[in-house]
Amino acid sequence: MTGPLTRLAPHCVLPCFIVLVELAVASSAWAQQKQVLVLYSTRRDAQIAVVGERELPRILDKGLNNEVDYYSEYIDRARFPNPEYRAGFHDFMQVKYQGRRFDIVITMDEVALEFAATFRQEFFPDTPVVYFTSYEDTRRVANSTGILSHRDMLGSVELAIALQPDLRHIFIVSGAEPDDQFLETTRAQLMSLESRLTITYLTGLPAKELESRLAALPAQSMIYYLIVSRDGTGENFHPLEYLDRVTAIANAPVYSWVDSTIDHGIVGGNLKSQTVETQAIGELALRVLGGESADSIPISSRDLNVRQVDWRQLQRWKIDESRIPAGVTVRFREPSAWDRYRLYILGALGLLLVQSGLITGLLIQRARRQRAETGLQASRIELRGSYDRIRDLGARLLRAQETERARIARELHDDITQQLSLLVIDLALLRGDGQARTLAQEAMTRVEQIVKSVHELSHRLHPTKLRLIGLVAALRDLQHELTQADVPITFTYDRVPKTLPPDVTLCVFRVVQEALHNALKYSHAHAIKVHLEGATEELKLTIADDGVGFDVNAATGKGLGLISMAERLEAIRGTFEIRSQPGTGTTLDVTVPLSIVKHAGTVTV
Amino acid sequence: MNTTSSQPARVLLVDDSDAMLARASAVLSPNCVIVGAVKDGTAAIDAAKTLHPDVIVLDISMPGMTGLEVAANLREEGLTAAVVFLTVHDDEEVVLAARQAGGTGYVVKLRLASDLNVAVQEARAGRSFVSTLH
């Protein structure tokens, strides 16, 4: 520390002053800083060292407000088992840390603790030691405390047995490192299994031989990887890199005991967590640095092991996931399609469900509608049938009425009129004189009146003359009969066939009669025109008035006159159309086919 | 016809009513020879063919053929007997129809006693006669 100052002194006073100030600041900071030395029992790149170097400075910095001067050293006995290395390391430490006073020495594992204990007086006589050990029989040195976490070598095998129920062989792999204690501990813990399983120790073999063994293990085997830092030929390996080789060539599942091995191809095990281990050590160190006497803190025994499996390796060895015991952490599980797309799948399923629901609803609705339509169709057919029956009944009623009227009219006309005529003739032929003659004359006159009344009654009931004089003459007669002084009725006709079917004759006569009566009664017409025209195949009748007219749509189906007109025409396949609007008069067009059609029935005229 | 005017007219009576036939016969017999009395159209045509009456007194309303049809048939058959229609119809249209059917006389039954003889004589002379009613 004084070297640079003496070299700088001759050149400049001011800079020297500045440097001195800086040094003063630095030395005051130095006085407050905690000097920490961590000793590892492994090479620098061993996983415990990697984790320790990552975690310990962070924990200590945090606990001591960054006032930490942190040193770490590595005793790589695995690669350098010879005593010269230990001596050389001692010398190196002596040179490097001469005059340095540490506030705490942390030792990780046995080699480091052994070194610290051995050279304590020389290097750091008053410095408390915090250590980590895996063995219960570790000797506690003065002014020290530590954490004991024994290696649970059995736990990993038990997990393997759970995963591979038919397990019969265990092959324990370790290198040529001089760590007998680890091997012995393992052997002791697995002793209980020897009755059930064959346990083979592949210790310190040449890598080549080891690998060929591991590639051809019998069925129902497992490999228990302890650590391989060097093989039987003295070749050194990074234990994790060598593990990668082992898991690549092995034909049986590989298990281990420390969590650094996870993600290096092992199936799993009850693995010691190096992070938790480091954290526990860090916290313990903080307590000591905080002023607690190391000796007053009892050795704490911690179970740092976590049972865990690598999901990918389960797949590789076709180990059923359902065999994983409760409480085992499953790592590196590749999310299944379900895990990855659960939301989408659920969404799609939901949509599908909604869609299915909609489709089902639509189908149900369609079925209902079809049923309804079928029902409607049936109703329609039924209604049509009813309508046909009613129409048929109507037609039959009309025919019956006409027939009966015709019969009564004929009786009245042909019989009663005949009888009365005979009476009149007889009265006329009666010979007599004076009073008798006068009486007979009066009787004749009276009977003639009766004949006239009967004749009119008969005519009103049925136009008996139709048969005698034909449609045109009968219509002409009707025209004369109904014409009134203020409502002239004109009747014109053209090409009307001489002979017409009796029912057509009667029907047309009745329609004209009905229409004229309606017109006279309701239309307030000043003139009514009737025109009848015959063509080859049909008879056309037009009746037009210049009256008040009416709303056809509103009147359809209301007036009995229109209904009976329609029914009469329907019976002879005739049609009719009424053209009218309020104020424009009314025109009735009737068409009756004259083709030879056998009508439903005929009326005797 | 004039050549035979001195002779009593030969008359065929056609009516479906026996009573009416009897009355007509009674009215006509003083002046005419009643050559036959039949009760329907078919019989009337047959009788006309065989009996060659001068005048046929023909009822219009009969079962079967009407008097009008019988008259039309007689014309078609070429029979020249004058036809005097006898009817209860007191109606211009029927008179018209009767004329068209070839009738010469038209006697309403109510006026049979007074008009039939006149109508037959007129018919035999080739003249028309129609009962006046109103």
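Residue numbering restarts at 1 for every chain, and letters A, B, ... go by the order of the sequence lines.
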Side chain to side chain, [X] and [Y], heavy atoms closer than 4.5 Å:
X         : Y         : answer
Ser421(A) : Leu112(B) : no
Leu110(B) : Val451(A) : yes
Lys109(B) : Leu420(A) : no
Ile425(A) : Met20(B)  : yes
Ile469(A) : Leu96(B)  : no

Fill in the blank from the handout: When the 4.5 angstrom heavy-atom criterion is applied to His459(A) and chain B, the contacting part is neither
Handout entry: Crowding at CD, Gln435(A) (>12 non-hydrogen neighbours, <6.0 Å)
Key = no
Problem - Arg446(A), CZ atom: more than 12 neighbouring heavy atoms under 6.0 Å - result: no
Fill in the blank from the handout: Answer key: most heavy-atom pairs under 4.5 Å with chain A among Thr87(B), Thr66(B), Asp16(B) is Thr66(B)
Fill in the blank from the handout: Note: vs chain B, highest number of non-hydrogen pairs under 4.5 angstrom among Leu422(A), Val424(A), Val447(A) is Leu422(A)
From [atom1] ([X]) to [atom2] ([Y]), nearest 0.5 Å:
X         : Y         : atom1 : atom2 : value
Glu69(B)  : Leu468(A) : CD    : CG    : 8.5 Å
Arg111(B) : Glu448(A) : CZ    : CD    : 3.5 Å
Ser61(B)  : Asp415(A) : OG    : CG    : 12.0 Å

Problem - Residues Glu92(B), Arg476(A): salt bridge by 4.0 Å N-O rule - result: no
Completion exercise
Applying a strict 4.5 Å limit to non-hydrogen atoms, the region of Asp115(B) in contact with chain A is neither
